[in-house]
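Every value quoted in this text rests on a predicted model; they were computed, and no experiment measured them.
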Amino acid sequence: MPIHRRHILQGAAGLGAATVARPGEALAADPPRTMVIASPATPQGLDLEYDVSLGTVDASGALYDTLIAFKTVPDAASPGVLREDTGVHPELPGGLALEGRLAESWELSPDGTRVAFTMRQGVTSNWGNPLTAEDVKYSWDRRFHSKGNGAFMARMLGITDPAQVKVESPQVVSFNLPRPTPLLLKLHCNLSAPIFDAAKMKSVATSADPWAVEFVKNNSAGFGPYALGQLVRGQQAVFRARPDYYGPKPFFDTVVMREVPSSASRLSLLQGGAVDMAQFLSPREYMSMQSSPVATYDAVASSYALWLELNAKIKPFDNPKVRQAMNYLMPREQVIKTVYYDLANKQTACIPEGYPMADDSFYAYDENVETAKRLLTEAGFPDGFRTSISYDAGNPVQEPIALIYQTSLRRAGIDAVLDKLPAGVFYENVSRRQKPIIFYLDSPWTPDPGYSTALYFSSKSFVNYSNYENARVDELIQQGMLVVDDNRRKEIFTEVQKIIMAEAPWVFMVYPKYAIARKKNIAGLTYYTSNNLRFQDFRRV
């Protein structure tokens with residue numbers, strides 16, 4: 001997902017819909033082949049093109065497949081957990097550790113301008129239609145013509161004309177670009193690049209809805225391991241394993257996602273044995289499970305980051321020295337210990353930890369009040385200044401962090417008024433870019449330094465909410481997006497990171513871990529950079 005991943009965690013608290021069970025309420029035991037998940041919300045839609053509401057990403061990972069995927073490796077810090085291998089592998093084609101999904105093979109041109117995918121034989125959709133190259137062509141035509149996330153994906157890939165995606169034969173489709181891009185394979189691993197059943201989509205399209213948007217809100221037309229059994233918004237979504245799926249048969253025949261808005265209620269249902277998983281608990285609630293005889297949790301390093309946008313078009317944050325001072329006044333260790341209970345790591349780079357070419361050597365912002373005072377004096381604010389910090393009332397960690405930071409800022413004479421925004425208007429305020437300081441949580445779903453920095457620091461990016469502008473950074477990012485040699489790319493994006501960290505458009509705070517609470521007899525978590533569950537990964541042991 002290129003833009004809106006923050007809805008997943010930011011919206012995980014305070015959702016006001018009916019639950020299907022009260023805390024502690026006894027429910028009939030589910031069959032061993034049924035997995036029940038307590039989630040803050042059911043999917044509001046089933047089309048990542050236009051809907052990234054809570055639950056939609058999990059549904060998409062079950063209903064659809066991509067052409068290719070990153071191979072998985074054991075998570076070094078979490079026994080029993082796998083994660084995508086997103087590293088650089090010079091010995092492999094394209095420098096990536098990939099495996100086929102809907103594509104059984106692919107050929108990449110040396111200059112990075114063309115890739116041809118050969119479809120896997122014997123694959124059918126949940127409507128029984130066979131997979132062909134036309135399905136891939138249709139899916140990207142739909143993205144190109146959309147005004148949603150797919151349009152962003154097409155631009156990042158360099159598709160300026162639908163004719164660049166060409167059906168070479170019934171089973172072969174090619175992507176032909178005018179310029180090289182290191183994203184030519186990576187973007188096809190992105191959860192936002194699913195392949196639709198073109199025959200079904202075209203059969204339900206209308207002149208008023210040529211891309212079957214209304215149909216996909218409530219149905220699926222994909223080649224994934226599950227089909228939708230039921231969607232009752234505000235109550236539950238049910239997914240059924242497909243007996244005709246081309247890949248390994250999922251352990252769970254049925255997956256039920258039950259809407260339970262209260263995190264305390266989700267935890268209670270898990271502890272009482274009524275559900276198998278509980279999503280998006282607070283850090284304190286995860287800690288409370290350490291002595292549980294029936295449940296546990298996994299917490300792994302993720303692609304998420306939580307930071308403060310410093311609005312460069314609002315004084316005094318147009319001054320890099322002020323922005324640096326704001327960083328030196330952030331007590332990160334205190335936040336990690338008292339708010340996250342160590343379920344977060346210190347944010348030391350402008351790219352997610354673990355992403356290729358992320359460089360933390362330019363981080364210099366450990367808490368230092370005297371350095372902050374010196375920088376403020378040099379910037380012309382020896383006595384500090386007055387500002388405000390805006391945060392999301394619906395997020396359980398932002399208010400305590402804001403209070404800690406407010407107290408810390410006073411040590412340098414900065415008087416920060418806390419601006420508590422209702423969850424329903426928080427993102428509107430982020431996108432308006434009118435607040436001097438505002439919290440932001442996000443994750444670039446494609447593990448690439450160019451994708452990540454272009455998303456947040458290019459002056460032309462919609463999600464550059466700090467209004468940061470640096471002509472040299474823009475130039476370097478543009479260069480790096482046209483270079484396929486990893487050694488040269490590393491040189492370019494090392495310089496990009498050096499400039500960004502020095503100019504500090506954000507208050508760099510933490511990398512929250514991705515956590516999931518589960519019964520002890522549920523295993524199989526695989527961490528994806530899209531921060532979603534794939535039901536097909538799990539089993540009961």
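- When all heavy atoms of S292 and Q271 are compared, the closest pair comes out as OG-OE1, 2.6 Å.
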- [ ] Could you give me the CA-CA distance, side-chain angles and deciding distance for Y328 and D366, then say whether side chain to side chain donor-acceptor pair (under 3.5 Å) is met?
- [x] CA-CA 6 Å; Y328 280 113; D366 283 339; over 6 Å; no
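- Looking at Q44 and T56, their side chains never bring a donor and an acceptor atom within 3.5 Å of each other.
- Annotation: side-chain hydrogen bond (donor to acceptor under 3.5 Å, both in side chains) contacts of Y527 (sequence neighbours excluded): S303, N531.
- Side-chain contact, R233 with N218: a donor N or O sits under 3.5 Å from an acceptor N or O.
- When only modelled atom types and interatomic distance are considered, N464 and S461 share no side-chain donor-acceptor pair under 3.5 Å.
- If you check the side chains of E503 and N470, you find a donor sitting under 3.5 Å from an acceptor.
- Ion pairing between E370 and R374 fails under the 4.0 Å rule for side-chain N and carboxylate O.
- Residues Y465 and Y440 place their aromatic rings such that the two centres sit under 6.0 Å apart.
- Pairs engaging residues 277-304 under the salt bridge (charged side-chain N to carboxylate O under 4.0 Å, His left out) rule: D298-R518 [sequence neighbours left out].
- Judged purely by atom type and a 3.5 angstrom limit, E84 uses its side chain to pair as donor or acceptor with the backbone of T529.
- A salt bridge links E399 and K420; the closest N-O separation between the charged side-chain nitrogens and carboxylate oxygens is under 4.0 Å.
- Contacts of K315 classified as side-chain hydrogen bond (donor to acceptor under 3.5 Å, both in side chains), with partners at least two apart in sequence or in another chain: D318.
- Salt bridge E333/K337: absent, no basic N to carboxylate O contact under 4.0 Å.
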Task: Working for side chain to side chain donor-acceptor pair (under 3.5 Å), residues N327 and R332 - done: CA-CA 10 Å; N327 270 279; R332 296 170 186 83; 3.1 Å; yes
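- The pair R489-D448 meets the salt-bridge criterion, since a charged nitrogen lies less than 4.0 angstrom from a carboxylate oxygen.
- Residues W506 and F457 place their aromatic rings such that the two centres sit under 6.0 Å apart.
- Checking Q236 against Q230 by side-chain atom types alone, a donor-acceptor pair falls below 3.5 Å.
- Listed for the R540 side chain is no donor-acceptor partner under 3.5 Å among the backbone atoms of I522.
- When atom types are taken as modelled, the side chain of N311 and the backbone of R433 share a donor-acceptor pair closer than 3.5 angstrom.
- Using a 4.0 Å cut-off between charged side-chain N and carboxylate O, D415 and R410 make no salt bridge.
- Counted by atom type alone, D474 and S459 present one or more donor-acceptor pairs between their side chains at under 3.5 Å.
- Applying the ring pair (Phe, Tyr, Trp, His ring centres under 6.0 Å) criterion to F251, with sequence neighbours excluded, gives no partner residue.
- Scored by the ring pair (Phe, Tyr, Trp, His ring centres under 6.0 Å) test, Y511 finds no partners at all (sequence neighbours excluded).
- For F239, the ring pair (Phe, Tyr, Trp, His ring centres under 6.0 Å) partners two or more places apart in sequence, or in a different chain, are F535.
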